[in-house]
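Structure first, commentary second.
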Amino acid sequence: MIHPPIERARERVLEQREPAQRPLLSELSRLPASQIPDLLQLADEVRAAFCGDAIALEVLYNAKRGGCSEDCNFCSQSARYSSDVEAEPLATVEQFLEAARDAHERGAGEFCLVVAVRGPSSRLLERVCSAVPAIKQRYPLTVAVSLGILREDQVRDLAACGVDKVNHNLETSRRYFPSICTTHTYDERWETCLLVKRYGLELCCGGIIGMGETLEDRVDFLCELQALKPYEVPINFLNPRPGTPFADRSLIEPIEALRFVAMARLAMPQALIRFAGGREVTLQGLQELGMRSGASGLVLGDYLTTGGRADEEDFAMLDRLGFEVLA
């Protein structure tokens with residue numbers, strides 16, 4: 001017997017073509033474990049109906065490891081913590097280009113330049129704006145950047161140089177955010193997201209699940225993302241980093257990780273829902289099931305400070321599942 005909330009979700013999302021809203025998402029967040037397979041199946045059907053079988057692959061490039069001024073409790077790149085990440089200088093334009101070539105040769109369609117900072121300095125922004133046109137001239141890549149909190153003039157410069165997409169995660173719910181970061185506010189992140197959309201750039205906005213948030217926080221987080229209407233929603237699962245305040249946190253249960261991905265698909269049927277950091281350690285042998293829980297994208301290979309699995313494994317998995325990799 002299918003649980004009533006799943007039937008209501010099917011009617012709303014698949015038949016009425018409307019996203020699931022807070023009351024329904026709250027019900028889905030509390031479904032018994034026995035009903036999760038039906039929820040995942042519905043999310044996979046929604047993914048197929050709204051996005052088809054195309055899977056978007058992205059490669060991240062950490063262009064300046066460590067040394068970040070902010071105190072995000074999950075992040076080993078913060079200068080405030082004694083982690084195993086040693087601060088490195090900003091990469092050169094030539095290194096940006098080499099990393100983009102590597103992403104293209106590995107089969108990714110998207111390349112994201114990531115810098116761990118509160119916000120970009122004029123030197124950093126100038127370097128990014130010099131590199132992006134050269135990357136786009138050489139390789140058929142969607143170019144994204146993740147540069148922290150942005151001012152209007154900085155977003156304008158990024159749009160002018162050819163950046164396609166800006167990543168800026170909300171990370172969690174508004175209520176829980178002060179428990180993970182105190183050096184900047186949720187509103188600062190929110191305003192950056194609005195600026196990105198105002199200047200016509202694609203917004204990539206998601207967060208991290210498993211940081212101690214409640215089920216209500218997860219529903220709130222999805223509703224806040226709904227309000228922003230991001231083009232892409234990267235979903236990370238906490239992979240506790242040595243030396244950070246969250247070093248001793250436990251991994252989220254795989255079934256809860258997959259439940260959240262499915263809920264994200266029902267909340268944002270048309271979005272690119274991308275599996276990101278922590279999927280390997282969280283899902284382990286359930287990654288194929290994960291790709292049948294509503295996701296339509298993957299980060300390929302390593303993350304910013306942690307390793308991913310071999311490209312060949314992901315391509316083989318996608319082939320077995322009948323997905324088509326976007327060029």
Side-chain angles (χ1 to χ4, degrees), residues 1-57 206-210 213 215 217-219 221-223 225-226 232-238 251-299 309 313-314 316-324:
M1 177 180 175
I2 303 297
H3 215 55
I6 297 178
E7 289 287 8
R8 289 196 292 275
R10 175 180 296 279
E11 180 180 359
R12 179 168 180 85
V13 184
L14 275 183
E15 296 177 17
Q16 299 175 4
R17 310 288 285 188
E18 294 290 339
Q21 299 296 325
R22 181 186 298 273
L24 185 50
L25 292 171
S26 184
E27 288 187 88
L28 297 175
S29 75
R30 291 173 169 80
L31 282 175
S34 62
Q35 294 292 325
I36 299 304
D38 291 324
L39 175 63
L40 301 186
Q41 180 179 335
L42 173 59
D44 191 47
E45 291 176 34
V46 171
R47 184 269 313 155
F50 283 85
C51 306
D53 289 329
I55 294 293
L57 299 181
I208 306 173
I209 306 305
E213 74 282 351
L215 293 181
D217 286 318
R218 293 177 192 170
V219 172
F221 176 40
L222 287 175
C223 292
L225 288 172
Q226 275 186 327
E232 176 182 339
V233 180
I235 298 177
N236 301 269
F237 309 108
L238 182 67
L251 295 175
I252 186 174
E253 290 294 326
I255 193 170
E256 293 305 321
L258 296 179
R259 180 202 301 262
F260 185 82
V261 174
M263 288 170 56
R265 172 54 66 201
L266 299 178
M268 293 165 282
Q270 296 177 318
L272 197 177
I273 307 291
R274 193 188 301 273
F275 270 119
R279 69 176 165 101
E280 293 87 354
V281 296
T282 298
L283 300 182
Q284 298 187 37
L286 296 178
Q287 292 193 61
E288 293 199 12
L289 180 60
M291 291 308 302
R292 288 299 188 192
S293 64
S296 54
L298 287 175
V299 172
R309 66 176 184 172
E313 292 184 70
D314 280 335
M317 173 183 69
L318 296 174
D319 184 62
R320 285 193 299 272
L321 294 172
F323 286 113
E324 176 188 355

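Taking each heavy atom of Leu25 and Ala20 in turn, the nearest pair found is CD1-O, 3.7 Å. Between Leu258 and Gly290, the closest heavy-atom pair is CD2-CA, 3.4 Å. Residues Val233 and Gly206 approach most closely at CG1-CA, 4.1 Å, considering heavy atoms. Between Leu215 and Ser29, the shortest heavy-atom contact is CD1-O, 3.6 Å. In plain terms, the two heavy atoms of Val261 and Ala295 that are nearest each other are CG1-N, 4.1 Å. Summarising the geometry of Ala276 relative to Pro234, their closest heavy-atom pair is CB-CB, 4.4 Å, with the distance given to 0.1 Å.
The pair Glu11-Arg8 does not count as a salt bridge, with every side-chain nitrogen at least 4.0 angstrom from each carboxylate oxygen.
Residues His3 and Pro32 have side chains in contact (heavy-atom distance under 4.5 Å, counting atoms from C-beta outward). Counting heavy atoms from C-beta on, the side chains of Met263 and Val219 come closer than 4.5 Å. Here the side chains of Leu39 and Leu266 are in contact, with some heavy-atom distance below 4.5 Å. Arg309 has its side chain within reach of Met317: a pair of non-hydrogen atoms, C-beta onward, lies under 4.5 Å apart. No side-chain heavy atom of Gln41 sits less than 4.5 Å from a side-chain heavy atom of Asp44.
Residue Glu253 qualifies as open at atom CD: its count of foreign heavy atoms under 6.0 Å is 12 or below. Residue Glu288 qualifies as enclosed at atom CD: its count of foreign heavy atoms under 6.0 Å is above 12.
With hydrogens and angles ignored, the 3.5 Å screen pairs no side-chain donor or acceptor of Asp53 with any backbone N or O of Phe323. A donor-acceptor pair under 3.5 Å is absent between the side-chain atoms of Asn236 and the main chain of Ile208, judged by distance alone.
Distance check: Ile55 CD1 to Arg274 CZ gives 9.5 Å after rounding to the nearest 0.5 Å. Rounded to the nearest 0.5 angstrom, Leu31 CG and Asp38 CG are separated by 9.0 Å. Taking CZ of Arg218 as the reference point, atom CG of Leu28 lies at 14.0 Å (rounded to 0.5 Å). Put simply, CG on Leu42 and OG on Ser293 are 12.0 Å apart, with the number rounded to the nearest 0.5 Å. Rounded to the nearest 0.5 Å, atoms SG (Cys223) and CD (Gln21) are 7.0 Å apart. Taking CD1 from Ile36 and CG from Leu40, the interatomic distance works out to 6.5 Å, rounded to the nearest 0.5 Å.
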Test side chain to side chain contact (heavy atoms under 4.5 Å, CB included) applied to Met291 and Leu298, step by step:
CA-CA 9 Å; Met291 291 308 302; Leu298 287 175; 3.6 Å; yes
Just do the side chain to side chain contact (heavy atoms under 4.5 Å, CB included) check on Arg265 and Ser296 with the steps written out, would you?
CA-CA 9 Å; Arg265 172 54 66 201; Ser296 54; 3.1 Å; yes
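Residues that satisfy the side-chain contact (heavy atoms from CB on, under 4.5 Å) test with Ala264, not counting sequence neighbours, are Leu222, Ile235, Met268, Ile273. Judged as a salt bridge (charged side-chain N to carboxylate O under 4.0 Å, His left out), and not counting sequence neighbours, the contacts of Glu45 are Arg10. Applying the side chain to side chain donor-acceptor pair (under 3.5 Å) criterion to Gln226, with sequence neighbours excluded, gives no partner residue.
Residues Arg22 and Ser26 bring no donor and acceptor atom of their side chains to less than 3.5 Å of each other.
Ring geometry for Phe237 versus Phe275: interplanar angle of 30 to 60°, hence tilted.
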